[in-house]
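Quick caveat: nothing in here was measured; it's all calculated off a predicted structure. In what follows, chains are A, B, ... by sequence order, proteins preceding strands, each numbered from 1.
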There are 2 protein chains.
Amino acid sequence: MSEALRPAAQRSATLEDVARVAGVSRATVSRVINGIRNVDPAIQESVRRAVASTGYVPNGAARSLVTRRAGALALVVSGSGTDGRDEEAGRTQVFTDPFFGRVVSGVFTGLRPHGVHPVLMLADAPEAREQALSYLKQGNADGAMVVSTHADDPMPGLLLAAGVPTVLFGRPAAPLPVSCVDLANRDGARLAADHLHARGRRRVVTIAGPPAVRAARDRLEGFHEAMARHGMPYLPHAEADFTQAGGERAMTRLLVEHPDLDGVFAANDLMAQGAVAVLRDHGLRVPEDVAVVGFDDSSAATAGRPPLTTVRQPVEEMAAEMARILLDVLARPGRGATSVIFEPELVVRRSS
Amino acid sequence: MSEALRPAAQRSATLEDVARVAGVSRATVSRVINGIRNVDPAIQESVRRAVASTGYVPNGAARSLVTRRAGALALVVSGSGTDGRDEEAGRTQVFTDPFFGRVVSGVFTGLRPHGVHPVLMLADAPEAREQALSYLKQGNADGAMVVSTHADDPMPGLLLAAGVPTVLFGRPAAPLPVSCVDLANRDGARLAADHLHARGRRRVVTIAGPPAVRAARDRLEGFHEAMARHGMPYLPHAEADFTQAGGERAMTRLLVEHPDLDGVFAANDLMAQGAVAVLRDHGLRVPEDVAVVGFDDSSAATAGRPPLTTVRQPVEEMAAEMARILLDVLARPGRGATSVIFEPELVVRRSS
DNA sequence: TTGTACGCGTTATCAA
DNA sequence: TTGATAACGCGTACAA
């Protein structure tokens, strides 16, 4: 149709245009733009003027075609699919979890100084995984940060096989040669155990996370180990799904089977919050009757009443480090895998 | 250095390679890849085989250089900066809010069918805005979905001026010719008002959101209008920042000034949750002594005790629609701005 | 239906 | 220090 229909269809200025205006060659303009030295200051100035007057902005595609850099990194949320539930509800569940928000926040902290943006990818089903993988193989992102929920998540392996620079949040299940950041989950659980024991709790139960999640298993095992050292080798526990509702259901079951319990350790704050709610529903006082300890020190820990004693996981710092590691791998490839393990910390509040 | 140091540095296959293997021209391979008809089935087959054997994957940069399409859309969180607080803490605040998670979830719903991924951008300060803007101008994303917190956010205007296809979550403050999705916030507030009035509450207070947020203002005004129609023209209100902690502070203040209040309307669920906590701290029963109504129907509404009566904002649907509109604008440009207003719905739970 | 050939906007190499 | 010029990998008129 007529050009008139697209008023501002003005092909945006190219290097060529700037060069013409400045009266130099494309190459020189490119050098100025990319801050390469060896350019006459006077020429630099006139080029800058030309850039301003033409409103020139480099074309990202052309640039990455030749540099082989996309200037973007993927943040892959690699899940297990939404076990039969409504698909969108499952997604909302994942993205609404404070954990996800903290990861995003930390990633920004790590990426911002480099002017890189994260592209979000959800790999929660085979097709979605393929889609994400092909997107990465196309070079639309230079590397991937992966936070996966299931221990048997195939994504890390697939990325590695595809040669995509990758860093994981959480150690890989199989011993893959891949960089990662993680928390010393067992240590964290031990802190909780020692604390509950020191508080004189002797009938303690655990609300564990999904056994398919490595961090969940580590927390459970670490807790049980520590309690065993305190002379309490057999502890009841119920499994839940890291949600508050799941925590409520688990607490309800445990309360039926062990009405005399006096301490609860939950593998994350959301479930701990659910536990507190159920305990109070049953007329039990927290912490007088039952002490509750959570895990993560997320916003959920301070949202309820009473605020939760919890094991702090510095998610933001970890995510920022994950981003930095990836950036580093990109900057000088060929280096071996790095892994950084963070130490948890007990935060005592009023629930214990 | 020596090539040997980079084992798998094998330049990935190009169209050219595939063509050679299949014994056809680049053009034909391209046609097969892009599903263009008029290709002999036999040739199609041999091309596919060649693609498989070479492990060919199209190069995104080269492709978008010629198609002028990035295949990515930006999700811009355009804030006001972190009013003096710690920068990362403010970010975590934003990303941890259930609202953000729901937006992300909905965006995925809208984008997934088209194989497009959202690249996340945080424009919470002048530099960040510039960075985001230039990223978009470089063509790294084909359009932007903007959820901005402040009414006087310059981002929509800047994007429009830059010619970036844009859709807003929430009407623009100034009457810009830009597409958007929004909620009929005043109607929602009216639902809450009518409900509280029907419940016989006559000493009602409001916890409003930041006046700089348009939705917050609309909810406050809508509530007051409706209450005025019920014969209660003057209602006390306190302003907070949409966080639970803010809600707690506001509730505390209101309680001091109006110890006899019997109803609270909060402009979002997080603040309502905070209000409930404070009310219970003061020995007041919800809903017997004080009825509380929230807004959003986010996960916070069902997290606490009692679960909140609230005005449902279908954030996921709205975000999905925002994505679809943007996709549509991209598909056929030159169309006027579309705006879709969603209707809120009262969800009665036990807090009122 | 297939192939040829050009252009997309940069960066980078090599002379000058 | 600067300027030609060759890639980079792909889509697509146009010709065959």
Walk me through it: do A:D328 and A:R332 pass the test salt bridge (Lys or Arg N to Asp or Glu O under 4.0 Å)?
CA-CA 6 Å; A:D328 197 64; A:R332 33 184 184 298; 3.0 Å; yes
Base, sugar-phosphate alone, or nothing: which one does B:R68 contact when heavy atoms must sit under 4.0 Å apart?
sugar-phosphate
Taking the side chain from A:N140 and the backbone from A:Y135, do they hold a donor-acceptor pair closer than 3.5 Å?
yes
Between A:A27 and B:S25, the residue closer to the 5' end of DNA chain C by nearest nucleotide is B:S25
For a quick check of understanding: with a heavy-atom distance under 4.0 Å over all strands, which category does A:T28 fall into, base, sugar-phosphate or nothing?
sugar-phosphate
So how far off straight is the helix from C:dT1-D:dA16 to C:dA16-D:dT1, going by the axes through five pairs at either end, to 10°?
40°
Quick one: CG on B:N59 to NZ on A:K137, what's the gap to the nearest 0.5 Å?
14.5 Å
How long is the straight-line distance from CD of B:E317 back to CZ of B:R324, given to the nearest 0.5 Å?
8.5 Å
For A:I33 and for B:R26, locate the closest nucleotide of DNA chain C by heavy-atom distance; then report the residue assigned to the nucleotide nearer the 5' terminus.
B:R26
Rounded to the nearest 0.5 Å, what's the gap from CZ on B:R91 to CD on A:E316? Could you check?
9.5 Å
Is there a donor-acceptor pair under 3.5 Å between the side chain of A:D142 and the backbone N or O of A:R69?
no
Which residues pass the salt bridge (charged side-chain N to carboxylate O under 4.0 Å, His left out) test with B:E127, not counting sequence neighbours?
none
Rounded at 0.5 Å granularity, tell me how far CD in A:E16 sits from CZ in A:R26.
5.0 Å
What are the bounds, 5' to 3', of the part of DNA chain D that sits under 4.0 Å from heavy atoms of chain B?
D:dG9 to D:dT12
Side-chain donor/acceptor pairs under 3.5 Å, residues 165-175 of chain B, sequence neighbours excluded:
residue, atom, partner, partner atom, Å
B:T166, OG1, B:V164, O, 2.6
B:R171, NE, B:D182, OD2, 2.7
B:R171, NH2, B:D182, OD2, 3.2
B:R171, NH2, B:L183, O, 3.1

Do we see a donor-acceptor contact under 3.5 Å between the side chains of A:S78 and A:D153?
yes
I need the B:T28 OG1 to B:I33 CD1 distance, nearest 0.5 Å.
11.5 Å
At what distance, to the nearest 0.5 angstrom, does CG of B:L73 lie from CE of B:M322?
10.0 Å
Please tell me if the side chains of B:F99 and B:V315 come closer than 4.5 Å, counting only heavy atoms from C-beta onward.
yes
I want to confirm an ordering. Mapping B:N34 and A:V39 to their closest nucleotides on DNA chain D, which one lands closer to the 5' end?
A:V39
Scan residues 48-61 of chain A against DNA chain C and write down, sorted by residue number, each residue with any heavy atom closer than 4.0 Å; if none is found, say none.
A:Y56, A:V57, A:P58, A:N59
Base, sugar-phosphate or nothing for A:L15? Non-hydrogen atoms, less than 4.0 Å.
base
Mind checking which nucleotides bracket the chain A contacts on DNA chain C, 5' to 3', with an atom under 4.0 Å from a heavy atom?
C:dG9 to C:dA12
